[in-house]
Amino acid sequence: MKEIPGESLEFDAEPGGSSLESSEHLPSHWAEEALKLSENKYRELVDEAASIILRWDTRGHVTFFNEFAQGFFGFSEQEIIGRSVVGTIVPEQEFSGRDLSQLMKEICLDPAKFEYNENENIKRNGDRVWIAWKNRPVFSDKGALVEILSVGIDITARKCAEDALKEREQHFRTLFEHAPDPVYIVNMETRFVDVNQQMCRELGYSHDELLDIKATSIDAQLKSRLSDTAIEKLHTEHGRVSYETVHRRKDGGRIPVEVRLSAITLDGNPCFLAFGRSLEERKRTEARIRELAYHDPLTGLANRTLFRDRLEHAIAQAGRNSQLLGLLYLDLDRFKVINDSLGHVFGDRLLIEVAHRLQSCVREGDTVARLGGDEFTILAEAVNHVDDVANIARKMLDVLSGPFSLSGHELSVSASIGIAIYPLDDVSPDQLTRDADTAMYRAKEVIGNSFQFYTAEMGAQVKADLLLDTQIRQALTSEQFILHYQPQVCLSTGKIFAVEALLRWKHPDRGLLSPESFISVAEETGLIVPIGEALLLEACVQMREWRDAGIRFERIAVNVSGLQFHRSNFAATVRRALEQTELTADCLELEINENFLMQRPRQAISVLMELKELGLSLAIDDFGTGYSSLSYLKQLPIDRLKIDRSFVKDIPEDPDNEAIVRAVVGLGQSLRLDVIAEGVETPEQAAFLMAQGCDEAQGFLYGRPVKAKALTRKIIQSERDHESLPG
Ligand code: C2E
Ligand code: MG
Ligand code: MG
C-alpha cells in the first residue's frame, strides 16, 4: 500500500469519539480492519472488501483508494492517487466556495458529526451515486491530523426508493389538502391527527386549533360511532362506516354532513380516516328540485300539480270533517292588453305583485296557486259559510284595485273570479275546478271586476255551448249560414245608399237564428274565421249581382270579427274576394266592432292601414260601447262611426242617450267622419238625429234585414219613388 505523505495539521482530537463500531449502516469489521491499514497483512482484506475505502490527506488529495473503490468509481489507482477528491469523486459544485482545511478542522473537532454522512458523489463516467460515508480522522503519534479515512457504501438504490416514496407522500398530501370535501384523521382517543384545508374552512377553525380540540366536540355522533364493537369491526374487517351527522362550526353554526369512516394505520398507530361531505348543497338542490316541481318559478306560488294535490287532500279532509271548501278561479281582466302593450317583463312584474296581494287575502293554511298566464286558483279550506268565500273574493278584487306602480307605470287591474264550493257544486277535484272556471267566465262576460258563484245553469250553459260548437261546425260544412241585407238610408232624402250584410243561421231544428245566439261561441272556438271568410265572399258575389243587374247604391257593408282581423292575413283575404268578384274596393265597407279595435290597438292600426290602402271604406260598429280614446281615434284611418243602437233606442225620452248621440255626431264632425245611427225605429228618432246633423240611418223604420231578393225589390221601389219625386 502506497502512502502519500501530506501536510499534518495540529489538532487536539479525541480519537475515541469517532469509533466506527457504533454504525448500524456499515460493516464495521471491515472499517475496523481498514483502520489498521499500515499493517500489510490487512491490505489484501481491504482490497477484497465490498466497501469503498479511501484516505485523503490534509490537502484533500487521495492517498489510498481500495480496489472496490477503483472498480466502483472507474478510476485506476494510478489515476486517482495524488488527485484531489474534489473534482474526482466529489462533484466540484458541491464544494464550491467551501474550504477543505476548514472541513477537516471540523472533522477533528467533532468527529461524531461526520461519522455518518450521506453524499452525492460522481463516478468517472459522470454517473451520480449516493454514498453513505463514515469519516474518521487519522492522527500522527504526536496527535496531528494526517489523514481522513473514509469508508463508504453505495446507497443509490435506497435513495431512489426514498425519493419515490417522498414523491408519493407529497402526492397524497396534495390530494388530502385540496380535496373539495373535509378530510381528517382521528386517533383512538378521538383527537384530530390531521385535517385538510376544506375541513378548516368549513368549520372556521385553523389547522392547529382543530388539532387542539377533541373531534367529538365537532361531531357529537363520533363517540358512539366509534364504540368498541364498531372499532373492532372497522379494524378487523377493514370495514367502512358511513352516517349522517351535524358538524358544529366555531361560530356555533351547524352543517349537516355525511361522514364516511375507514380504519387506517398511521405510523404504526390505529387511526380513522374520515371523509365528510356537506349535505347543505345536496339539501339545497333537493329543495330546489322540489320547489321547481311544485311551484311556479315566476311567482313562487304553488303550481298546477301542487294545487291539484292540495285540492285532493282538502276535499278528503273537508269530507271527513263535514266542512265546506271554497275554490276560487281568478283571471285578470285585460291582462293580454297590458302584456302586449307594456311588454312581457312588465307583465311578469305585475303577476309577481298580483301574487303577493292575493296571498295577503288568505289564511296561513290556504293555497294560492298560479295555473299559468294570468290564471290563479285559491283554495279556502275549513270554511263555515259560503259567505266567507265571497268575502275572500271581495277582498281580492279590492286589493287588486289599488294602483300598481311598476317600472314608472302606474296602472290598476281588475279580475274576474269564479267560485265553486265543495260539496255543494261538486265533489271531484277536476269537476270542481271546471265549475269555478265556468263561473269565472260568466263573471268576465257579465262585467268583469266581479265574482260569480257557480250555478247549475252555468253548467247547463257550458254543455249547451259545447253542443252549439258541434252544430256550428256542421252548419259550416252544410252551408246553413246565409246573409240577410238591411238598407242604410240618407236621412234627408230617405234614399238607400248602402246595405249591411247580416249573418243568419238556417238552423235545421230551431229555424232562422240571429248571430247574437251563436256568435260568441263561434268567436271562442275560432270558427268565426272560416265563417267570416265565406260570408265576405258571398256578400261580394251578391254585390256583383246587384251591379250586373243595374241596381244602384254605393256600397255593401260587411261585419268583421276582431278574430278575423287579428288572426289571418286579412287584407289579402279581402283583396282576393274583390278580385274574384271583379269589384272595385270603393263598393265595400268593413264594420269593425269598437271593442275589438281597443283590444290590440297597435296591431289593429296596422291592419286598418293595409285595408285602407286597398281603397275600401272602414266603419267602427257599435260606437260608444268600447271606450275609444279620442287620441287613438284620430290615428285610425276610418270613414264612419256607427252609433250603437242602444243609444238610439230611448230617444227622445232618455236625455243621457240624447247627449251621447249629440256628442258622437259632434265628434264625427270634428274628425270629419260620417256618422250613421243604427236601430232607428221611429220617425221621432230620425227627426232628432237629423236635428243633430246626423245624415245617415239604419233601422226597422227603413227596412228589416231581409233576403237579397226582397231587398232588390225594395231598392228598385225606392229608386222609383225618388225618380217620381219632383226636382
Ligand atoms: P250590428 O253589426 O250592429 O248589426 C246591427 C244589428 O241590429 C243587427 O242584428 C240588426 O238586425 C239589428 N237591427 C237593425 N235595425 C234594428 C232596429 O231598428 N231595431 C233593432 N232592435 N235591431 C235592429 P243582428 O242581425 O242580430 O246582428 C247582431 C250582430 O251580430 C251585429 O250587430 C254584428 O255585430 C253581428 N253580426 C251580424 N252579422 C255578422 C257577420 O256576418 N259577421 C260578424 N262577425 N258579425 C256579424
Ligand atoms: Mg254591423
Ligand atoms: Mg252595431
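Just follow the structure's listing: the first ligand is 1, and inside any ligand the first atom is 1. Since the model is a prediction, treat every value here as computed from it, not as a measurement. Heavy atoms only: backbone and side chains are in, while hydrogens, waters and symmetry mates are out.
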Assess, by modelled atom type and distance only, whether the side chains of Asp331 and Ser416 contain a donor and an acceptor separated by less than 3.5 Å. no
Tell me, please, which residues at least two apart from Glu696 pass salt bridge (Lys or Arg N to Asp or Glu O under 4.0 Å). Arg640
Between Arg349 and Glu353, is there a salt bridge with N-O shorter than 4.0 Å? no
Proximity winner for atom 6 (C) of ligand 1, if only heavy atoms of Arg645, Glu678, Arg704 are counted: Arg645
Do any nitrogen or oxygen atoms of Val560 come within less than 3.5 Å of a nitrogen or oxygen of ligand 1? no
Inspect the surroundings of CD in Glu579 and state if more than 12 heavy atoms from other residues, nucleotides or ligands are less than 6.0 Å away. yes
Over 12 non-hydrogen atoms of neighbours within 6.0 angstrom of CD in Glu582: no
Would Gly532 count as a contact residue for ligand 1, given that I'm defining contact as a non-hydrogen atom of the residue lying under 4.0 Å from a ligand atom? no
Just wondering, more than 12 heavy atoms not from Lys649 lying within 6.0 Å of its NZ? no
Proximal ligand 1 atoms for Glu681, defined as those under 4.0 Å from one of its heavy atoms: 17 (C), 18 (O), 19 (N), 20 (C), 21 (N)
Heavy-atom distance to atom 24 (P) of ligand 1: which of Glu516, Arg504, Glu500 wins? Arg504
Distance only, no hydrogens: is a donor on one side chain within 3.5 Å (strictly under) of an acceptor on the other, for Ser428 and Asp430? no
Nearest to the Mg ion (ligand 2) - the N/O/S atom of Glu591, by atom name: OE1
Could you tell me whether the Mg ion (ligand 2) has an N, O or S atom of Asn559 under 2.8 Å away? yes
For Ser514, counting its heavy atoms only, list the atoms of ligand 1 lying under 4.0 Å from any of them. 26 (O)
What atoms of ligand 1 come closer than 4.0 angstrom to any heavy atom of Asp621? 1 (P), 2 (O), 3 (O)
As an exercise, identify every atom of ligand 1 less than 4.0 angstrom from a heavy atom of Pro705. 11 (O)
Please find out if the Mg ion (ligand 2) and some N, O or S atom of Asp621 are separated by less than 2.8 Å. yes
Can you tell me which residue among Thr305, Asn303, Leu311 is in a side-chain contact (heavy atoms from CB on, under 4.5 Å) with Phe307? Leu311
Closest heavy-atom approach to atom 40 (C) of ligand 1 among Asn559, Asn593, Ile531, Asp644 is made by Asn559
In this structure, are over 12 heavy atoms from other groups packed under 6.0 Å from Arg334 atom CZ? no
Would the number of heavy atoms belonging to other residues, nucleotides or ligands and lying under 6.0 Å from NZ of Lys714 be above 12? no
For Lys444, is there an ion pair with Asp333 - N to carboxylate O distance below 4.0 angstrom? yes
With Glu445, which residues qualify under salt bridge (Lys or Arg N to Asp or Glu O under 4.0 Å), at least two apart? Arg442
Ligand 1 atoms nearer than 4.0 angstrom to some heavy atom of Gly699 are 15 (N), 18 (O)
Among Gln486, His484, Gln698, Gln488, which residue places a heavy atom closest to atom 15 (N) of ligand 1? Gln486
Is there at least one pair of N or O atoms, one from Leu503 and one from ligand 1, spaced under 3.5 Å apart? yes
Is the distance between the Mg ion (ligand 2) and the nearest N/O/S atom of Glu500 smaller than 2.8 Å? yes
More than 12 heavy atoms of other residues, nucleotides or ligands under 6.0 Å from OH of Tyr441: is that the case? no
In ligand 1, which numbered atoms sit nearer than 4.0 Å to a non-hydrogen atom of Ser561? 44 (N)
Out of all atoms in ligand 1, which are within 4.0 Å of some heavy atom of Leu535? Include the element for each. 41 (O)
Ligand 1 versus Val680: contacting region, heavy-atom distance under 4.0 Å: backbone
Heavy-atom contact check, 4.0 Å cutoff: does Lys642 meet ligand 1? no
Of the listed options Leu536, Leu502, Ile592, closest to atom 8 (C) of ligand 1 (non-hydrogen atoms): Leu502
At a 4.0 Å threshold, what atoms of ligand 1 neighbour a non-hydrogen atom of Asp622? 3 (O)
